[in-house]
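As structure tokens, the structure follows; a few thoughts come after it.
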2 protein chains.
Amino acid sequence: MAYSYEHPRPSVTVDCVVFGLGDSYDLRVLLIERALDPYQGFWALPGGFVRLEEGLEAAARRELHEETGVRDVFIEQLYTFGALDRDPRGRVISVAYYALVNLSEHPVKASSDARHAEWFKIEELPELAFDHKEILKKAIERLRAKVLYKPIGFELLPEKFTLTDLQKLYETILGQKLNRRNFRSKILKMDLLEELEKQTNVAHRPALLYKFNKEKYEELSLREGEFIFEIRFQPRDGRDENEEE
Amino acid sequence: MAYSYEHPRPSVTVDCVVFGLGDSYDLRVLLIERALDPYQGFWALPGGFVRLEEGLEAAARRELHEETGVRDVFIEQLYTFGALDRDPRGRVISVAYYALVNLSEHPVKASSDARHAEWFKIEELPELAFDHKEILKKAIERLRAKVLYKPIGFELLPEKFTLTDLQKLYETILGQKLNRRNFRSKILKMDLLEELEKQTNVAHRPALLYKFNKEKYEELSLREGEFIFEIRFQPRDGRDENEEE
DNA sequence: TCAAAAGTGTTTAGTTTACACCCATGC
DNA sequence: GCATGGGTGTAAACTAAACACTTTTGA
């Protein structure tokens, strides 16, 4: 079956930059190995063609689920890439999304549909297909910028987390050591974390677990101007409590 | 001539939200009156179909120029709109851009190509075609947010401006009165304005004219973390120097 | 009892806010 | 000479930064 139009049309795809946090709080991105022709064997962002009967975000979620098994996650539009030569098959415009997931709840899927998905550390990326390196770069920039003024970082953590988890997350994303005491007081002063029970089975003083109170945040941010989420610290020199002496 | 594809494809358009500042520092947007069928006679954002041989931003600039005569302006991608029913002609995905221009240098064009373009105050908009109201809403949100941390507001002013011009611009966009002394010191402390000559022919003490030093800003912002452009004030209650008692 | 991370409070420095009067010009 | 907006400095309040020791647990 063929489809005919009076004027030529580009193809439209979606691509997803899925971020997760590794065991050592290193930032990772979920890639798939391309089984088919252009860039066969290369690693690429999960994505594919938009169907006429689905919205853009829906297409991104569908492709993400089909190709990696990941679903029901935080996802947001990133940017639309439309360079003339970005796809050897012709004019393909790609609407990119980025997603944040708790990696431990989305380990590499058991390749159910023959495609191969894997989490890569941001600093150890393979060569990527198409202009996916550029898309990823933009996604990292966006994540770095947005984490400062929107509480999206929590999407990378499990529901219950310690303040140290949260701090390490920020340190990873911002690429900067933060002072523990100042971080804790800044975060707690916003009063958006719900205190839960203590950790168990750790070989040191157990930390309190917290949960992000999304409802409260949303209510507060409606009151324009009165409340501003902001995590920003002066550039620091990484020291803190340097034992002895 | 017809174009045939194996799979159905959406159409792709670009739309431009062009902002300008009116005489009384009111925010305005440039609209065109639709001459053709869907929504004929309605006001709409300038825009149109992307050609296969041009990039997205190039398409936005081309349509903007063709439909309104405006060219060589600050333009940036806003968001891509792809709701299934946003265009009665079928599936049309629109990549929206926003532009900032100095309105006095881009008055309503003399309708050279029969299309009619006009500047509308943001608060006195006509009914718009398609989902253009939604696009415009998103553009205003973006402008409000971005003006706080990027020096894009200058794009709305003539090259030479007074600090009062700049302050009124911020007051318009933020919808908030600012304190004159604090605004001045904050702006001047960033040391990004070049002092020029005095105003002439004003019936009061002439103000100094300034010029935004874009080169300096760009150089400074490369040094990551060291320099941060930021205009943000606590919500205020609009008073200042309330003369006499 | 040791190792390992959690937790905490205060002083200091820096930044932001609030605020009132004189100045330069055109009419 | 008067009306109009331009221009300025400082004290007070607040916020952010720096910093070291004690606590709790499992092994």
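So that the names make sense, note that chain A is the first sequence line, chain B the second, and so on, each numbered from 1.
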Verdict with reasoning, B:Glu134 to B:His132, per side-chain hydrogen bond (donor to acceptor under 3.5 Å, both in side chains):
CA-CA 5 Å; B:Glu134 190 191 340; B:His132 288 185; over 6 Å; no

Please evaluate the base of C:dG7 for a donor-acceptor partner in the side chain of A:Arg180 within a cut-off of under 3.5 Å?
yes

Can you check the A:Phe183 CZ to C:dA6 P distance for me, whole Å?
12 Å

Expressed as a whole number of angstroms, how long is the span from B:Tyr25:OH to D:dG5:P?
11 Å

Residues in residues 194-208 of chain B with a heavy atom under 4.0 Å of DNA chain D, by number, are B:Ala203, B:His204, B:Arg205, B:Pro206, B:Ala207, B:Leu208

Round to a whole Å and report the spacing from NZ of B:Lys186 to C1' of C:dA18.
14 Å

What is the distance from CG of B:Asn182 to C1' of D:dG6, rounded to the nearest Å?
16 Å

Check whether any side-chain N or O of B:Lys189 sits under 4.0 Å from OP1 or OP2 of C:dT16, and answer yes or no.
yes

Length of the CZ-P vector between A:Arg181 and D:dA20, whole Å
8 Å

Pair A:Phe161 + A:Phe154: ring centers closer than 6.0 Å
yes

Please give, in whole Å, the distance from D:dG6 C1' to B:Leu209 CG?
12 Å

Interatomic distance where CD belongs to A:Gln167 and P belongs to C:dG7 [whole Å]:
12 Å

Tell me the interatomic distance from A:Glu230, atom CD, to D:dT15, atom P, rounded to whole angstroms.
13 Å

The side chain to side chain contact (heavy atoms under 4.5 Å, CB included) partner of B:Tyr210 among B:Leu166, B:Leu163, B:Asp165 is B:Leu163

Side-chain N,O (A:Thr164) to OP1/OP2 (C:dA6) below 4.0 Å
yes

Residues two or more places apart in sequence or in another chain: which of them pass side chain to side chain contact (heavy atoms under 4.5 Å, CB included) with A:Ala60?
A:Val14, A:Cys16, A:Ile75, A:Tyr97

Minimum side-chain heavy-atom gap B:Leu100-B:Leu143 below 4.5 Å:
yes

Begin from the C-alpha positions of A:Leu192 and A:Ile187 and carry the test side chain to side chain contact (heavy atoms under 4.5 Å, CB included) through to its verdict.
CA-CA 8 Å; A:Leu192 288 174; A:Ile187 293 286; over 6 Å; no

Residues B:Arg61, B:Asp72: salt bridge by 4.0 Å N-O rule:
no

